[in-house]
Every structure is written in C-alpha cells, then in structure tokens.
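One structure is given below, encoded as structure tokens.
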Amino acid sequence: MDRFEILNEPTGTYSIFDRSTELPATADGTTCIGLQRHEVPLALLAIMTSAAGNGWLPPSLSPLGNCQTNNTEQRC
C-alpha cells in the first residue's frame, strides 16, 4: 500500500494525504492541500526528500493524467 495519496478535490485543486496518519502530508512546514496541478510534483519531491529512508513508495501520479485541453482552455 502506498503511504501517500494524491486527491483531486471538488474545487479543482489537489491534496496529498499521508495514509498512515490520515492527515494531509507536510513538506518543509507546509501542508500539501489546495495545490494547483503544476505544484504537485514539486510537493512530492519535497515530501520524498523529508521522508527519505523511511521505507515508503511514492504515490501514483495517475490523478494528474486525466487532463483534457483545447486551444483556449485547460480542464483537468
């Protein structure tokens, strides 16, 4: 089971939760909620850096892969 989970919130933002604590993940003292799509990979990198060596696997980025675009608008 992956320790961290990326959630696509109803508001269109993303949150990263720690399944072991059932709380939002934190990185560099910042809680990883309300993230824009482009902020998620950097937040994951910060989480991985702070949790290195604790025996966890990075979460799946599949919630970020369902993005559709057209010429003027981007919808995820």
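Given the structure is predicted, the values throughout are model-derived calculations rather than measurements.
- Going from atom CD1 of I6 over to atom SG of C32 covers 10.0 Å, rounded to the nearest 0.5 Å.
- Between E9 and S15, the closest heavy-atom pair is OE2-OG, 3.0 Å.
- The nearest pair of heavy atoms linking I16 to F4 is CG2-CB, 4.2 Å.
- Put simply, the side chain of L35 does not reach to within 4.5 Å of the side chain of T13, judged on heavy atoms.
- Residues passing the side-chain hydrogen bond (donor to acceptor under 3.5 Å, both in side chains) test with T26, sequence neighbours excluded: none.
- Annotation: side chain of I47 is not in contact with side chain of D18 (no heavy-atom distance under 4.5 Å).
- Residues that satisfy the side chain to side chain contact (heavy atoms under 4.5 Å, CB included) test with E22, not counting sequence neighbours, are absent from this structure.
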>> Pair L7, Y14 - check side chain to side chain contact (heavy atoms under 4.5 Å, CB included), show working.
In response: CA-CA 6 Å; L7 298 175; Y14 294 85; over 6 Å; no

